[in-house]
Structure formats: C-alpha cells, structure tokens
Amino acid sequence: MVKRTYTLLISIVMLFIAWGMLSSSLEYQEWIAGAVIALALGIALHRLMPEAGGGNPFSRGLRFLIFLIVLGKEMVLANIDVAYRVLHPRMPLRPGIVEVDTGIKSDLGKLFLANSVTLTPGTLSLDYIDDKLYVHWINVKGDGIKDSIEAVQPLRDLVEGAFE
Amino acid sequence: MIGIQTIIGMAFISIGLLFQFLGALGLVRLPDVYNRLQAATKSITMGAISIAIGVGVIDLSLLPKALLVVIFLMLTNPLSSHAIARAAYNSGVPLWKGSVVDRYGPALKKLQKRRGRS
C-alpha cells in the first residue's frame with residue numbers, strides 16, 4: 001500500500017514536470033491547470049505504472065543520475081564505433097546473437113537495460129525469453145557463449161544499482 | 001552579429017547532421033538487417049538528440065521542449081528498433097553468412113515447442 005502511494009506520487013510529479021516543460025511559461029494559470037490535470041491523470045493511470053522499488057529513494061536517484069551520465073558517454077562512444085565500422089574500407093564485422101543471463105528481475109530494470117543496451121557500442125537487444133536477454137553483437141568476443149555478459153557491461157551493474 | 005550561442009547551437013546541429021549521414025551510410029553499406037539496424041538506431045538517435053539540443057541552445061525558450069523531445073527519443077527509438085529486429089527474425093530473415101553465433105534461434109524453437117505443448 002505504501003509502495004502504491006509512492007508510485008502515485010511519482011507519476012503525478014513526473015506528469016507535472018512534463019507539463020511544465022511543454023508549456024515552458026511562467027504564467028501561474030498554466031501551472032494551476034497543469035497541477036489539476038497531472039493530479040487527475042496520475043490518479044487515473046498510476047495502476048499502469050511499474051511499481052516503485054524499495055530502498056532509499058535518494059541514493060537510487062543518485063545512482064540513476066550516474067547511470068544517465070555513463071549512458072551518455074557510451075552513446076558517444078557507440079557513434080564513434082559505428083562511424084569507424086561504416087567508413088572502414090573492409091568493414092570489420094564479427095556479428096552474432098548471444099544469450100545474456102542478466103540477473104535483473106524488475107520490469108523497469110529490464111526495460112532500461114534493453115533500451116540502453118541498444119544505444120551502447122555494438123549491441124542491439126532482440127528479445128527476452130525466461131529472463132535471458134538476446135543481444136545482437138556486432139563484434140563477438142571469443143565463441144560468444146562464455147563471456148556473453150561482456151556485451152551488456154558496464155551498464156548492467158548500474159541498472160542493477162538503480163532499479164533492483 | 002552572430003553570437004556565441006548561435007555558434008554553439010550550429011556546432012551541435014552540424015554534429016547531429018554528420019551522425020545522421022553516417023547512419024544513412026551504414027544502412028547502405030552494412031550486410032544484413034541486424035547490422036543495419038545497429039548503425040541506424042545509434043546514429044539516428046544521437047543525431048536527432050544533437051539537433052534537438054542545438055535548436056534548444058539557439059533559442060533558449062525552446063530548451064525545455066527540446067529536452068522533453070530528447071527524453072522521448074531515448075525511450076522510444078531503441079524500442080522501435082528492437083521491435084523491427086525481433087519481427088525480422090520471427091519472419092525468417094537470415095543472419096549474414098559471416099555471423100559467428102546464433103543463440104536466439106534454438107531458444108525461440110524451445111519456447112515455441114513449450115507453448116505448443118501447454
């Protein structure tokens with residue numbers, strides 16, 4: 001029950017922030033209308049939101065921030081990697097689909113891991129079957145069976161810290 | 001005169017355009033659907049984000065909206081590429097002949113067998 005209330009609060013605040021960013025004005029009428037609409041939508045839709053995890057919300061928020069910074073860095077690296085592979089005359093590719101036992105159980109964690117894996121260098125998430133993530137890896141290391149966890153590092157640990 | 005703000009914004013937009021171009025080049029050059037999706041998703045997400053930020057820097061009143069666009073792009077763009085890749089595999093698009101390993105096919109077959117039985 002406490003968790004549900006917490007989820008409700010978070011969804012209302014997120015909707016209100018989104019409203020504020022979209023309207024981007026300082027008129028107080030806009031903000032009052034936004035507050036009313038965010039409250040109504042939050043109460044109507046919070047059941048659809050994934051449940052908030054346990055633990056200290058502030059340390060989780062901090063870990064999420066670190067996750068975002070590392071994700072940004074990885075995105076830039078991924079683009080340099082793509083540029084290198086595309087512009088190289090012989091295109092150094094060693095593609096394959098590997099199976100990664102991520103060990104992440106929560107729905108939100110899975111969503112963020114799969115999304116961020118797609119944006120990191122050389123990997124594209126395909127599917128989840130039985131909590132195992134299937135990743136198309138453009139540069140498979142070794143035979144692609146033993147060390148497949150390397151495909152999703154270092155983001156896997158950060159996602160575990162922020163969402164588990 | 002052209003201010004420093006415009007120059008920074010234009011730099012962001014130019015970088016974005018460069019990445020978009022590389023993504024399009026990857027679509028043409030790389031061998032199969034999955035490799036092409038890799039290039040396309042990464043470059044086009046990053047390029048669009050860079051362009052949105054550039055527009056936000058040039059006109060600061062648009063910056064909050066641009067940031068919202070960035071958040072939605074980062075959430076939805078990987079999802080769509082993931083859906084396309086999965087649909088391609090399920091409708092029988094083969095991997096490139098130089099591929100090293102495929103662990104997804106066997107797992108998918110096992111899953112279908114289990115679903116067929118239950």
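Here is the naming used below: chain letters follow the sequence lines, and residue numbers restart at 1 for every chain.
- Taken together through direct or relayed side-chain contacts under 4.5 Å among Ile, Leu, Val, Met, Phe, Trp and Tyr, B:Ile51 and B:Ile7 form parts of separate hydrophobic clusters.
- Interface check for chain A: of the options B:Pro64, B:Ala85, B:Ser81, the most heavy-atom pairs under 4.5 Å are formed by B:Pro64.
- Heavy atoms closer than 4.5 Å to chain B are found in the side chain of A:Leu71, but not in its backbone.
- Considering CG of B:Leu37 and NE2 of A:His136, their distance stands at 9.5 Å, rounded to 0.5 Å.
- Atom CG of A:Leu26 sits in a sparse spot, with 12 or fewer heavy atoms from other residues, nucleotides or ligands closer than 6.0 Å.
- Between the side chain of B:Lys42 and the backbone N or O of A:Thr118 there is at least one donor-acceptor pair closer than 3.5 Å.
- Your options are A:Leu124, A:Ile138, A:Asp127, and the one with the most heavy-atom pairs under 4.5 Å with chain B is A:Asp127.
- Note on B:Ile13: it does not cluster hydrophobically with B:Ile53, by side-chain heavy-atom contacts below 4.5 Å among ILVMFWY residues.
- When side chains are defined from C-beta on, A:Met75 counts as touching B:Met74, because their heavy atoms get closer than 4.5 Å.
- Using a 4.5 Å cut-off between heavy atoms, B:Leu67 contacts chain A through both its backbone and its side chain.
- Here the CD1 atom belonging to B:Ile84 is positioned 12.0 Å from the CG atom belonging to A:Leu126, to the nearest 0.5 angstrom.
- Cluster annotation: A:Phe67 is connected to A:Val70 through the hydrophobic network of ILVMFWY side chains, with a link wherever side-chain heavy atoms come within less than 4.5 Å.
- Within the 4.5 angstrom heavy-atom criterion, atoms from both the backbone and the side chain of B:Tyr34 approach chain A.
- Taking CD1 of B:Ile49 as the start and CG of A:Leu119 as the end, the distance is 7.5 Å to the nearest 0.5 Å.
- Both the backbone and the side chain of A:Leu22 come within contact range of chain B, each with at least one heavy atom under 4.5 Å from a heavy atom of that chain.
- Here the closest heavy-atom approach between residue A:Thr123 and residue B:Gln38 is recorded as N-OE1, 3.4 Å.
- When all heavy atoms of A:Ala18 and B:Leu68 are compared, the pair lying nearest together is O-CD2, 3.9 Å.
- Contacts between B:Ser61 and chain A at a heavy-atom distance below 4.5 Å involve the backbone alone (N, CA, C, O).
- Nearest heavy atom pair, residue B:Leu75 against residue A:Asn115, reads O-ND2, 3.1 Å.
- Criterion: ILVMFWY side-chain heavy atoms under 4.5 Å apart, direct or through other members. Under it, A:Leu77 and A:Val82 are not part of a common hydrophobic cluster.
- A:Phe16 is not connected to A:Met21 by any chain of hydrophobic side-chain contacts under 4.5 Å among Ile, Leu, Val, Met, Phe, Trp and Tyr, and they are in different clusters.
- For the pair B:Arg29 (side chain) and A:Val86 (backbone), a donor-acceptor distance under 3.5 Å is present.
- In terms of heavy atoms, A:Ala83 sits closest to B:Leu22 at CB-CD1, 3.5 Å.
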